[in-house]
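Worksheet for the structure shown next.
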Amino acid sequence: MDSKLNNIKIVIWDMDETFWKGTLSEGKVYPIEENIKILNTLIDRGIMNSIVSKNEYLSVMNQLKEWSLDDLFIFPHITWAAKGGEVKALLKQCSLRAENALFIDDNISNLKEVEYYNPGIMTSLPEILDDKFLLLPETKGKDDRNHSRLQQYKILEQRTDIKKSFESNLDFLRFSNINIEIIDNCELYLERIEELIQRTNQLNYTKIRANKYEIEKIIKDQNYQCACIKVSDKFGEYGVVGFYAVCQKRLIPFVFSCRILGFGLENYIYRKLDYPEIVVSGEVTI
């Protein structure tokens with residue numbers, strides 16, 4: 001793997017001879033305790049975990065359930081299909097960029113295939129899973145020992161499954177009964193705003209990487225109209241997923257969590273603010 005890593009937001013695991021010892025379709029497999037420790041620590045740091053494995057879905061999930069690990073993975077892709085396309089589909093479901101994903105597999109051909117179909121993704125053989133892995137700055141994450149991020153992705157997982165039964169995205173959005181709360185007292189959410197501004201790319205329109213102290217200065221400046229956006233729907237709570245600051249009819253910044261891609265939230269807020277000027281920096285997802 002390239003020595004240069006990006007901040008890791010999701011680790012995608014192969015199962016056979018990677019997450020566990022052995023090949024499930026050929027017989028018994030055995031847990032690798034260090035990998036289980038890594039899995040739990042990553043979740044405590046708000047870093048998600050998923051599966052792309054050539055196997056029978058129920059066999060893998062039943063094995064993980066036996067070890068009480070089945071609920072710790074999001075959007076598992078367990079099928080006999082080629083892994084390059086499965087990883088691509090998984091990242092789309094999670095609304096995460098390939099650049100923030102690490103795929104681990106014991107087969108070099110799978111690594112190369114995933115790299116081809118997912119430009120920018122980080123890949124590695126299982127040898128990366130040593131006693132230094134959790135010391136990497138890229139696996140630092142953010143304290144989330146209450147597993148709020150995992151629960152939010154589980155809600156998204158449920159939402160995605162139900163969405164498949166709707167032919168129209170608009171009908172599904174109406175069914176979801178999305179509730180938006182616009183919060184003026186942004187000082188209560190300084191750390192979350194900083195996280196959005198520093199870590200979000202897909203729906204970060206201005207790419208202004210302000211730190212907590214710079215954000216606090218903006219919030220306290222009477223020339224700015226600032227607000228946080230909190231969202232819930234019939235599936236659950238998504239927490240604070242957006243922030244904006246308007247000064248002289250210009251948006252700086254305008255940022256939303258990738259978890260609400262497809263909600264139409266950014267368009268709604270932009271209209272509600274009466275279309276202020278915004279200088280879009282870099283690529284954004286629309």
Side-chain angles (χ1 to χ4, degrees), residues 9-10 43 46-50 70-77 89-97 100-101 141-142 144-186 188-205 225-246 251 253-275 278 284-286:
K9 295 185 179 180
I10 187 168
I43 293 169
I47 297 172
M48 295 299 96
N49 295 264
S50 188
D70 53 315
D71 287 334
L72 301 183
F73 295 90
I74 63 169
F75 292 105
H77 279 235
L90 162 63
L91 292 174
K92 184 176 181 180
Q93 287 175 316
C94 299
S95 299
L96 292 174
R97 299 164 67 236
N100 296 115
K142 182 185 176 183
D144 189 36
R145 279 170 285 188
N146 62 356
H147 294 177
S148 62
R149 193 179 295 266
L150 175 62
Q151 294 309 312
Q152 287 163 0
Y153 272 103
K154 285 295 183 181
I155 292 169
L156 185 61
E157 195 173 39
Q158 179 191 10
R159 191 176 186 274
T160 301
D161 286 341
I162 295 176
K163 184 179 179 180
K164 294 174 185 175
S165 63
F166 287 80
E167 294 184 5
S168 162
N169 185 57
L170 186 58
D171 288 343
F172 176 68
L173 290 175
R174 289 178 178 139
F175 169 80
S176 300
N177 191 26
I178 297 171
N179 294 294
I180 300 169
E181 183 181 355
I182 298 176
I183 304 169
D184 296 325
N185 189 2
C186 297
L188 296 175
Y189 302 97
L190 271 175
E191 289 190 4
R192 175 56 177 157
I193 295 169
E194 182 183 37
E195 181 184 23
L196 284 168
I197 288 175
Q198 293 288 342
R199 292 170 57 108
T200 302
N201 289 293
Q202 294 181 84
L203 291 177
N204 189 340
Y205 289 84
Q225 173 195 352
C226 303
C228 298
I229 312 300
K230 185 180 281 190
V231 172
S232 63
D233 63 14
K234 70 185 302 175
F235 302 103
E237 300 275 346
Y238 300 90
V240 172
V241 296
F243 172 73
Y244 67 77
V246 182
L251 270 169
F254 189 56
V255 58
F256 297 88
S257 168
C258 60
R259 289 199 298 274
I260 55 88
L261 271 171
F263 282 49
L265 180 61
E266 65 279 13
N267 294 318
Y268 170 79
I269 296 296
Y270 190 57
R271 289 197 303 270
K272 189 174 180 62
L273 292 171
D274 196 24
Y275 305 100
I278 182 170
V284 292
T285 302
I286 57 174

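Residues: numbered from 1 along the sequence shown. Since the model is a prediction, treat every value here as computed from it, not as a measurement.
- A salt bridge is absent between Lys142 and Glu194; no separation between the charged side-chain nitrogens and carboxylate oxygens falls under 4.0 Å.
- Once rounded to the nearest 0.5 Å, the distance linking SG of Cys228 with CG of Leu190 reads 8.5 Å.
- For the atom pair CZ of Phe235 and CD1 of Ile162, the computed distance is 4.0 Å after rounding to the nearest 0.5 Å.
- Note: Leu261 CG to Cys94 SG = 11.5 Å, rounded to the nearest 0.5 Å.
- At a threshold of 4.5 Å between non-hydrogen side-chain atoms, the residues Leu96 and Tyr153 count as touching.
- Of all non-hydrogen atoms in Leu196 and Gly242, the two that sit nearest each other are CD1-N, 3.8 Å.
- Under a 3.5 Å cut-off, the side chain of Asn100 and the backbone N or O of Ile10 do not form any donor-acceptor pair.
- The closest side-chain heavy-atom distance from Ile260 to Glu266 is below 4.5 Å.
- A donor-acceptor pair under 3.5 Å is formed between the side chain of Glu157 and the backbone N or O of Phe75.
- Distance alone, capped at 3.5 Å, is enough to place a donor-acceptor pair between the Lys154 side chain and the Phe73 backbone.
- Residues meeting the salt bridge (Lys or Arg N to Asp or Glu O under 4.0 Å) test with Asp184, sequence neighbours left out: none.
- The shortest non-hydrogen separation linking Ile47 to Asn49 is O-ND2, 3.3 Å.
- Taking OG1 of Thr200 as the start and CZ of Arg97 as the end, the distance is 10.5 Å to the nearest 0.5 Å.
- A heavy-atom distance below 4.5 Å is found between the side chains of Asp144 and Asn146.
- Side-chain atoms of Arg192 come within 3.5 Å of backbone N or O of Val240 as a donor-acceptor pair.
- Asn169 and Gly262 make their closest contact through ND2-O, 3.8 Å (heavy atoms, listed as atom of the first residue, atom of the second, distance).
- In this structure, Ile269 CD1 and Ile229 CD1 are separated by 4.0 Å, a value rounded to the nearest 0.5 Å.
- In terms of modelled atom types and a separation under 3.5 Å, the side chain of Ser176 and the main chain of Asp233 share no donor-acceptor contact.
- When ring centroids are compared, Phe263 and Phe256 stay outside the 6.0 Å threshold.
- Environment of NZ in Lys92: sparse, with no more than 12 heavy atoms of neighbouring residues, nucleotides or ligands closer than 6.0 Å.
- Here the shortest heavy-atom pairing between Arg259 and Leu156 reads O-CD1, 4.0 Å.
- Looking at heavy atoms from C-beta onward, Arg174 lies in side-chain contact with Asp171 at the 4.5 angstrom threshold.
- Considering only residues two or more places apart in sequence or on other chains, Ser232 meets the side chain to side chain donor-acceptor pair (under 3.5 Å) condition with none of them.
- Within a 6.0 Å sphere centred on CD of Glu181, other residues, nucleotides and ligands contribute more than 12 heavy atoms.
- Contact between Ser257 and Leu203 at its shortest, heavy atoms only, is O-CD1, 3.7 Å.
- Atom CZ of Arg145 and atom NE2 of His147 lie 9.5 Å apart (nearest 0.5 Å).
- Side chains of Asn185 and Tyr189 form no contact here, defined as non-hydrogen atoms less than 4.5 Å apart.
- Nearest heavy atom pair, residue Ser95 against residue Gln202, reads O-NE2, 2.7 Å.
- Ring orientation note: the planes of Phe254 and Tyr205 are tilted relative to one another, at an angle of 30° to 60°.
- Residues Ile182 and Tyr244 are in side-chain contact: their nearest non-hydrogen atoms beyond the backbone lie under 4.5 Å apart.
- Side chains of Met48 and Leu150 form a contact here, defined as non-hydrogen atoms less than 4.5 Å apart.
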